[in-house]
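All values below come from the heavy atoms of this structure, side chains included, with hydrogens, waters and symmetry mates left out. All values derive from a computational prediction rather than experimental measurement. Per chain, numbering begins at 1; letters A, B, ... match sequence-line order.
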Amino acid sequence: MNLDSLLRTQIQKAVFAVFNQQIDNPQLQPTNKEFEGSHTLVCFPLAKISRKGPEETARLIGDHLVANSGIVSRYNVVKGFLNLVIGDTVWLEVFRSIHADKKFGERPSNGKEIMVEYSSPNTNKPLHLGHLRNNFLGWSVAEIYKSIGYNVHKVQIINDRGIHICKSMAAWKLFGNGATLQSSGLKGDKLVGKYYVEFDKVFKAQISELEQKGNSKETAEKEAPIMKLAVEMLQKWEQKDPETLSIWKMMNGWVYEGFSVTYHRMGVDFERLYYESKTYLLGKDEVLRGLDKGIFFKKEDGSVWVDLTADGLDQKVLLRSDGTSVYMTQDFGTAILRFRDFPKIEKQVYTVGNEQEYHFKVLFLILAKLGYSWAKECYHLSYGMVDLPTGKMKSREGTVVDADDLMQEMVEEAARQTKELGKIDEMTDSEFENLSEMIGMGALKFFLLKVDPKKRMLFDPAESIQLQGHTGPFIQYTYARIRSIIRKAETLNIQPAIQGITSMEPAEREVIFMIHYYMNKLEEAAREYSPAVVANYAFELAKEYNQFYQSIPIFNESDPAKLKFRVALSQVVADVLKKSMGLLGIRMPERM
RNA sequence: GGCUCCGUAUUUCAAUGGAUAGAAUUUCAGAUUCCGAUUCUGAAGAUGUAGGUUCGAUUCCUACCGGGGCUACCA
C-alpha cells in the first residue's frame with residue numbers, strides 16, 4: 001500500500017467534491033515537527049479555485065477528508081497549511097506491509113535501460129582523491145537507478161593512448177633500465193606514475209636550459225629533447241611500430257593491474273570497458289555525414305567546424321585541417337557506438353568533473369543536430385573539486401592526494417580508533433581487519449557522497465571518521481546496536497510481529513513515517529542524480545531511531561505485543577539503513 | 001570580454017516557490033535501577049548587496065560584489 005499516492009487521490013476527490021474542480025498535483029509536504037500531523041497540504045494555490053480564503057479552503061478539504069477518506073483521522077489548519085493526521089491503525093497497516101515485503105526498497109524492473117559512465121582514468125598515473133569522488137558518485141547513481149527498476153550498464157572509457165602515456169613511456173625508455181613490475185616491486189600504476197613524474201622533472205630542466213640559451217618558452221617546450229622523444233613515440237604508436245606498441249602494451253598492463261587493486265578496494269565495478277585506443281578514430285564518418293547535410297561547414301584550410309553561436313556557444317572544430325579528429329569527434333563517435341552496443345538504453349550519464357561542462361553541452365548539442373533523439377536525455381553528472389583542509393588539491397600543483405594512500409590511512413585510523421575503544425578482545429584478526437575496512441571506507445564514502453555533487457567540497461579526514469556527527473560511522477554504530485537488539489530478541493525467542501496493538505508512541509510514529517518515505521527519497525535521488533539525498537536520508541533515519549531508542553523501552557516493556565512490535569520496528573530500520581547505505585557502497589557491521 | 005557553477009550559524013553541510021531557514025560541529029546546562037552513553041534533551045548562533053515577480057523568495061528574474069571553472073586544429 002502506497003500511502004502517499006492514496007492520500008493524493010483522496011485529496012483530489014475531496015477537492016472535486018467540495019469545489020467541483022479537478023487538480024493535477026496536490027502540493028503535499030511533510031509536516032513541520034512543531035505541528036500535529038504527518039502530511040501537509042499547501043492550500044494557498046487552491047484558494048483561487050475555491051474562491052475562499054486559504055484557511056477556509058483548508059478546513060473544507062479537511063472536513064471532507066476526515067468524513068470520507070478513511071485514512072485521515074483529524075486535521076488542523078495553520079494559515080493556509082492543512083496538517084493531516086493519519087490514524088495509527090493506518091500507520092500500522094503501512095508498517096505491516098513494509099515489514100512483510102522482503103523486497104521493500106527495490107522496484108520491480110520497469111524494462112528501461114540506461115548507461116552510466118564513471119572513473120575514466122588516464123593510464124599514465126595513479127588515481128587520486130578526485131577519482132574517488134568520481135567513482136563513488138557514478139557507482140552510486142548506477143545502484144540508485146537499479147533499485148528503482150532500471151537495467152543499468154556501468155562503463156568506463158580508458159584513456160590509454162595519447163601524448164600523456166607516451167611521456168611515461170619516454171621516461172621509462174630513457175631512465176628505466178628495463179625496469180619491470182617484478183624488478184621494481186611497485187604497484188603497477190605507481191611504477192608508471194613514477195616515470196610520468198620523472199618526465200616532468202627532466203622536461204622542466206630542459207626547458208629552463210633552452211630558455212637560458214635565449215629560446216622563447218614556446219620554442220623551448222617544443223624543442224626539449226625528452227618532449228621530442230614523446231612526440232616521436234606517439235607518431236610511431238600511430239604507425240603501429242612494433243617496439244613502441246610493445247612498450248605501450250606492457251606499461252598499460254602494469255597500470256591495469258594496479259587499477260584493479262584500487263577499484264577492488266573502492267568497491268566499484270564495470271560491465272564494459274571502452275578503450276580510447278579503439279575508439280579514437282570513430283566519429284569521422286559522422287562529421288562527413290553532417291557536412292553533407294549542411295550541419296557542419298568547412299573552412300578554406302580544410303578543417304571542419306560546427307557553428308553553435310545560435311545556441312549561445314562558439315564555433316567548435318571537429319576535424320583538423322589535416323583531416324584528423326579531435327577529442328569531441330571521438331566522444332560523439334563513442335556515444336553512437338555505445339547506443340549500437342546497447343540498443344535499448346535510453347540515455348547515458350557521464351560522471352565527469354565540472355571543468356568539462358562546456359564540452360558536454362557541445363557534445364549533446366551536436367548529437368541532437370545529427371538527429372539522435374536520445375541526445376536530449378543524456379546527462380553530464382558534473383561534480384566539483386575536492387579540497388583538503390591543508391589546502392587545495394590540484395594535480396598541477398603537485399599536491400595530489402593518492403587514492404590508495406588515502407584509503408589506507410582511513411582504514412588504519414579506523415583500526416586505531418577501534419583498538420582504543422577496547423572492542424577487539426572478542427574479535428579474530430580477520431574480523432578486526434574486515435571491520436576496520438568497513439569503517440574506514442564507510443567514513444570516506446559517506447563524507448564524499450553526503451554533499452550535493454555539483455558543489456565543490458571540503459574533505460576533512462579526521463571529521464569524517466568521527467563516531468558522532470554527520471558521518472558514516474555514526475550510522476554504522478546505530479546499525480550495529482540495532483543488530484545487537486535483534487540478536488538478543490532471537491536468543492529470548494521473541495518473534496517480531498505487528499499484532500494486538502492499535503496505537504503508538506509519537507517516537508514510533510516518526511520512525512514509521514521515515515521508513516515509509518524511503519521510496520520517495522530514492523526517486524528524488526535518481527531524478528537529481530544525487531546520492532547525497534540517500535546519504536542524508538540514512539542519517540535522518542538513524543537519528544530518528546536513536547530518539548526512539550532513547551525514550552522507549554524494548555525489553556523492559558511488559559506488554560508482549562508492544563515488545564514484539566518494537567523488535568519488528570528495529571528490524572525494519574536496520575534493513576532500510578543497510579539498503580540505503582548499500583546504495584552508497586557502504587557496508588554495515590554486525591558489531592563495532 | 002562571453003558562457004557557466006557557487007556564495008547560508010565559528011566551521012562543514014541541508015532546505016520540490018511555503019510555516020519561526022534545518023542538521024552536524026563548537027561551548028554551556030541536563031538525562032541512565034534499563035536493550036551497547038560511540039546515545040538523547042535543552043540553550044547560543046546564518047541566507048553577500050540592491051531591486052523585481054509572487055498571497056509567499058535561500059530558491060525564479062535583473063544589476064552589482066566575492067570565489068571556482070570553461071572559453072585550444074590538447075585530451
Side-chain angles (χ1 to χ4, degrees), chain A residues 25 27-29 31-35 40 42-45 47-48 53-54 78-81 83 122 159 161-164 276 280 299 301-305 312-314 316-328 330-331 353-359 361-362 382 384-385 387 389 392 417-418 421 423 447 450-452 454-460 463-464 466-471 473-474 476-478 480-489 492 520 524 527-528 532-533 535-536 539-540 542-543 545-557 563 566-567 570 591-592:
Chain A
N25 199 18
Q27 197 181 337
L28 261 186
Q29 62 190 39
T31 303
N32 280 13
K33 291 246 164 134
E34 65 204 284
F35 304 115
T40 293
V42 183
C43 292
F44 297 98
K48 273 175 195 153
V78 182
K79 296 183 200 168
F81 297 95
N83 300 322
N122 289 352
N159 299 303
R161 57 130 244 144
I163 191 67
H164 52 87
E276 197 203 334
Y280 80 110
K299 288 195 176 174
D301 62 3
S303 56
V304 179
W305 295 71
L313 303 173
D314 297 326
K316 193 86 192 167
V317 68
L318 297 176
L319 286 182
R320 298 190 185 97
S321 48
D322 63 5
T324 56
S325 55
V326 294
Y327 181 48
M328 182 63 72
Q330 76 185 40
D331 240 24
N354 62 9
E355 68 276 7
Q356 297 210 34
E357 265 166 22
Y358 185 79
H359 172 81
K361 203 176 276 182
V362 172
S382 166
M385 201 190 304
D387 293 321
K392 292 175 183 176
Q417 213 173 63
T418 305
L421 291 165
K423 292 282 180 171
F447 213 87
K450 75 176 184 178
V451 182
D452 181 357
K454 67 173 181 287
K455 286 190 175 168
R456 183 174 184 154
M457 68 171 293
L458 184 76
F459 174 64
D460 186 338
E463 189 187 329
S464 76
Q466 292 300 313
L467 293 159
Q468 65 272 82
H470 192 185
T471 68
F474 167 83
Q476 289 173 320
Y477 172 72
T478 301
R481 198 169 50 185
I482 298 174
R483 291 299 304 157
S484 165
I485 291 168
I486 304 297
R487 281 192 298 273
K488 179 164 181 175
L492 295 175
N520 294 21
E524 184 186 338
R527 194 170 58 241
E528 309 280 329
V533 172
N536 291 323
F539 177 66
E540 293 296 326
K543 272 203 310 182
Y545 181 83
N546 281 339
Q547 284 171 31
F548 156 80
Y549 169 83
Q550 193 65 222
S551 56
I552 295 174
I554 298 178
F555 294 108
N556 281 2
E557 172 59 52
L563 171 55
R566 285 167 194 167
V567 171
S570 301
R591 298 181 173 78
M592 68 184 277

With the criterion being N/O to N/O and under 3.5 Å, what pairs connect the protein with nucleotides 3-5 of chain B, and how long is each?
unit_1 : atom_1 : unit_2   : atom_2 : d
B:rU4  : O2'    : A:Glu357 : OE1    : 3.1

Decide yes or no, distance alone: a donor-acceptor N/O pair under 3.5 angstrom between the base of [N] and the side-chain of [X].
X: A:Gln468; N: B:rU38; answer: no
X: A:Thr471; N: B:rA24; answer: no
X: A:Gln356; N: B:rG69; answer: no

Who is the Watson-Crick or G-U wobble partner of [N], with both distances under 3.5 Å?
N: B:rU8; answer: none
N: B:rA43; answer: B:rU27
N: B:rA63; answer: B:rU49
N: B:rA21; answer: none
N: B:rA15; answer: none
N: B:rU54; answer: none
N: B:rG36; answer: none

In whole angstrom, give me the gap between the [atom1] atoms of [N] and [M].
N: B:rU10; M: B:rU49; atom1: P; result: 14 Å
N: B:rG48; M: B:rC65; atom1: C1'; result: 7 Å
N: B:rC3; M: B:rU62; atom1: P; result: 11 Å
N: B:rU20; M: B:rU47; atom1: C1'; result: 15 Å
N: B:rG36; M: B:rC28; atom1: P; result: 30 Å
N: B:rC55; M: B:rA19; atom1: C1'; result: 13 Å
N: B:rA21; M: B:rC13; atom1: C1'; result: 14 Å
N: B:rA50; M: B:rG66; atom1: C1'; result: 15 Å

Kindly state whether the pair [X] / [N] counts as stacked, where counting means centroids closer than 5.5 Å and planes tilted less than 30° apart.
X: A:Phe81; N: B:rG18; result: no
X: A:Phe44; N: B:rG56; result: no
X: A:Phe539; N: B:rA23; result: no

Problem - Non-hydrogen side-chain atoms of A:Val304 and A:Val317 separated by less than 4.5 Å - result: no

Practice task
May I ask you to test the A:Lys543-A:Phe474 pair for a side-chain heavy-atom distance under 4.5 Å?
Solution key: yes

Practice task
Give a yes or no on whether the backbone of A:Gln466 and the side-chain of A:Thr471 come within a donor-acceptor separation of less than 3.5 Å.
Solution key: yes

Handout entry: Main-chain N/O of A:Arg591 paired to A:Arg483 side chain as donor or acceptor, under 3.5 Å
Key = no

Handout entry: Stacked cation flag A:Lys450 on A:Phe539, 6.0 angstrom / 45 deg
Key = no

Handout entry: A:Asn546 side chain near B:rC40 phosphate (N/O to OP1/OP2, under 4.0 Å)
Key = yes

Students often get this wrong, so: under 4.0 angstrom with heavy atoms, is [X] touching a base, only sugar-phosphate, or nothing?
X: A:Glu34; result: base
X: A:Asn520; result: nothing
X: A:Val326; result: sugar-phosphate

Handout entry: 5' priority, RNA chain B, between A:Asn536 and A:Gly302 [closest heavy atom]
Key = A:Asn536

Fill in the blank from the handout: Between A:Lys316 and A:Arg527, the residue closer to the 5' end of RNA chain B by nearest nucleotide is A:Arg527

Exercise for the section: Check whether the side chains of A:Asp331 and A:His359 place a donor and an acceptor atom closer than 3.5 Å, and report yes or no. Expected result: yes

Practice task
Decide side-chain hydrogen bond (donor to acceptor under 3.5 Å, both in side chains) for A:Ser570 and A:Tyr549; before the verdict, give the C-alpha distance in whole Å, the side-chain angles of both, and the deciding distance to 0.1 Å.
Solution key: CA-CA 9 Å; A:Ser570 301; A:Tyr549 169 83; over 6 Å; no

Practice task
Step by step, work out the side-chain hydrogen bond (donor to acceptor under 3.5 Å, both in side chains) result for A:Asn354 and A:Arg456.
Solution key: CA-CA 9 Å; A:Asn354 62 9; A:Arg456 183 174 184 154; over 6 Å; no

Handout entry: Whole-Å gap separating C1' (B:rU11) and CG (A:Asp387)
Key = 14 Å

Practice task
Assess whether side-chain contact (heavy atoms from CB on, under 4.5 Å) is satisfied between A:Met457 and A:Phe447, documenting all intermediate values.
Solution key: CA-CA 10 Å; A:Met457 68 171 293; A:Phe447 213 87; 4.2 Å; yes

